[in-house]
Asks: 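There's a structure below that I have some questions on.
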Amino acid sequence: AALGSIRDMPRAEVEALIEPTAQEWSTRQDGRETSTATQGACALLVAEAFELTESVAQQLTEDGRRRGSLLSMIAGVGFAAARNSRLGHLESAEADLGAMVELVEQNDLNLMALTTFVHFCVDTIVERRDLGGIATTVEEMVLPPVFAETQSGGMVLETRAALRAARGDRAGAAADLRAAAEIFVP
């Protein structure tokens, strides 16, 4: 479903691959934490199935609270931020993104969640001045070389390009977009 959504698979087909969409969403599966639910949620977000994305985000957040699962909490709040950003609800996206970044930073978690959600929330980061700290983090982010060559590295470069373009650094934005293209279109 995630790959299909990235490749512009019709929303109905993405939703069908995730059936049942009314399932209980949790990052716990077979007694351990897993990213399967977040992959499904990402597919719904990219396919613009925003009502389902909202439900999944709420369930993941509640799962995180109920079980004390940091992964579920970060995913739930992150997907809420991404959904709100894509719908133009920037004030709500700002609050959710700020909470998600704080959770990631306080718990010294990996970069995957951070790079994914800042990419999905690029409009919010560019438009909301109170997220200047997050914008600075993105602009100054130095990724480990192997990680920088992945999709996540490209997502950071695209986000950085948008931030640079917004402040008038056309050359920096163009350089970041060219570097992202090298990753996305090898």
Asks: Is the gap between the ring centers of Phe117 and Phe79 under 6.0 Å?
Replies: yes
Asks: Which heavy atom of Ala57 sits nearest a heavy atom of Ala80, and at what distance?
Replies: CB-N, 3.7 Å
Asks: Rounded to the nearest 0.5 Å, how far apart are OG1 of Thr116 and CE of Met100?
Replies: 9.0 Å
Asks: Taking a hydrophobic cluster as the set of Ile, Leu, Val, Met, Phe, Trp and Tyr residues connected by side-chain heavy atoms closer than 4.5 Å, whether directly or through intermediates, do Met141 and Leu157 fall within one such cluster?
Replies: no
Asks: Rounded to the nearest 0.5 Å, what's the gap from CG on Leu60 to CE on Met73? Could you check?
Replies: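 Interatomic distance, Leu60 CG to Met73 CE, rounded to 0.5 Å: 10.5 Å.
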Asks: Counting only N and O atoms by type, is there a donor-acceptor contact under 3.5 Å from the side chain of Thr150 to the main-chain atoms of Phe147?
Replies: yes
Asks: Check step by step if side-chain contact (heavy atoms from CB on, under 4.5 Å) holds for Glu127 and Glu94.
Replies: CA-CA 10 Å; Glu127 295 293 329; Glu94 175 182 4; over 6 Å; no
Asks: Take Glu105 and Leu114 through the side-chain contact (heavy atoms from CB on, under 4.5 Å) test and state the conclusion after the steps.
Replies: CA-CA 9 Å; Glu105 289 176 344; Leu114 184 62; 5.8 Å; no
Asks: If only atom types and distance count, is the side chain of Ser85 paired as donor or acceptor with the main-chain N or O of Ala81 below 3.5 Å?
Replies: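 No; zero donor-acceptor contacts below 3.5 Å.
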Asks: Considering all heavy atoms of both residues, which atom of Gly154 and which atom of Ile183 are nearest to each other, and what is their separation?
Replies: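 Looks like N-CD1, 3.6 Å.
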Asks: Just verifying a value: how many Å separate Leu177 CG and Glu182 CD, rounded to the nearest 0.5 Å?
Replies: 12.0 Å
Asks: Indicate yes or no: at least one non-hydrogen side-chain atom of Leu103 is less than 4.5 angstrom from one of Leu70.
Replies: yes
Asks: Between Leu143 and Leu111, what is the shortest heavy-atom contact and its length?
Replies: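 Where Leu143 meets Leu111 most closely, the heavy atoms are CD2-CD1, 3.4 Å.
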Asks: Assigning hydrophobic clusters by single linkage (Ile, Leu, Val, Met, Phe, Trp, Tyr; side-chain heavy-atom cutoff under 4.5 Å), is Val138 placed with Phe184?
Replies: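 Per the 4.5 Å side-chain linkage, Val138 and Phe184 are not co-clustered.
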Asks: Salt bridge (Lys or Arg N to Asp or Glu O under 4.0 Å) for Glu54 and Arg83? Distances and angles first, verdict last.
Replies: CA-CA 7 Å; Glu54 179 180 29; Arg83 175 194 175 275; 3.4 Å; yes
Asks: About how many Å separate OG1 of Thr124 and CG of Leu90, when rounded to the nearest 0.5 Å?
Replies: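 OG1 of Thr124 is found 4.5 Å from CG of Leu90.
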Asks: Verify side-chain contact (heavy atoms from CB on, under 4.5 Å) between Asp176 and Glu158, making sure each step is shown before the conclusion.
Replies: CA-CA 7 Å; Asp176 284 337; Glu158 279 191 335; over 6 Å; no
Asks: Could you tell me if the side chain of Val156 sits less than 4.5 Å from the side chain of His119, heavy atoms only?
Replies: no
Asks: Starting at CG of Leu45, measure out to OG1 of Thr53 and round the result to the nearest 0.5 Å.
Replies: 5.0 Å
Asks: Test Glu139 against Arg167 for salt bridge (Lys or Arg N to Asp or Glu O under 4.0 Å), laying out the working first.
Replies: CA-CA 12 Å; Glu139 288 214 49; Arg167 65 175 169 75; 2.5 Å; yes
Asks: For residues Met155 and Gln151, determine if any side-chain heavy atom of one lies less than 4.5 Å from a side-chain heavy atom of the other.
Replies: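 Met155 vs Gln151: side chains touch.
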Asks: Side chains of Glu51 and Ser55 only: does a donor on one sit below 3.5 Å from an acceptor on the other?
Replies: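 Glu51 vs Ser55: no donor-acceptor pair found between side chains.
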Asks: To the nearest 0.5 Å, what is the distance between CG (Leu97) and SG (Cys121)?
Replies: 4.5 Å
Asks: Check this for me: Arg66, atom CZ, are more than 12 non-hydrogen atoms of other residues, nucleotides or ligands nearer than 6.0 Å?
Replies: yes
Asks: Look at the side chain of Arg164 and the backbone N and O of Arg170, then say whether any donor-acceptor pair between them is shorter than 3.5 Å.
Replies: no
Asks: If we ignore angles and hydrogens, is there a donor and acceptor under 3.5 Å between the side chains of Ser92 and Asn84?
Replies: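 Their side chains do not contain a donor-acceptor pair, so the 3.5 Å distance test is not met.
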Asks: As a quick check of understanding, evaluate side-chain contact (heavy atoms from CB on, under 4.5 Å) for Ile134 and Val118, giving each step before the final call.
Replies: CA-CA 8 Å; Ile134 293 173; Val118 297; 4.2 Å; yes
Asks: Report the C-alpha separation of Arg86 and Glu48 in whole Å, then their side-chain angles, then the decisive distance to 0.1 Å, and conclude whether the salt bridge (Lys or Arg N to Asp or Glu O under 4.0 Å) test is met.
Replies: CA-CA 9 Å; Arg86 291 203 162 195; Glu48 298 182 347; 5.1 Å; no
Asks: Closest heavy-atom contact between Ala161 and Ala173?
Replies: O-CB, 3.3 Å
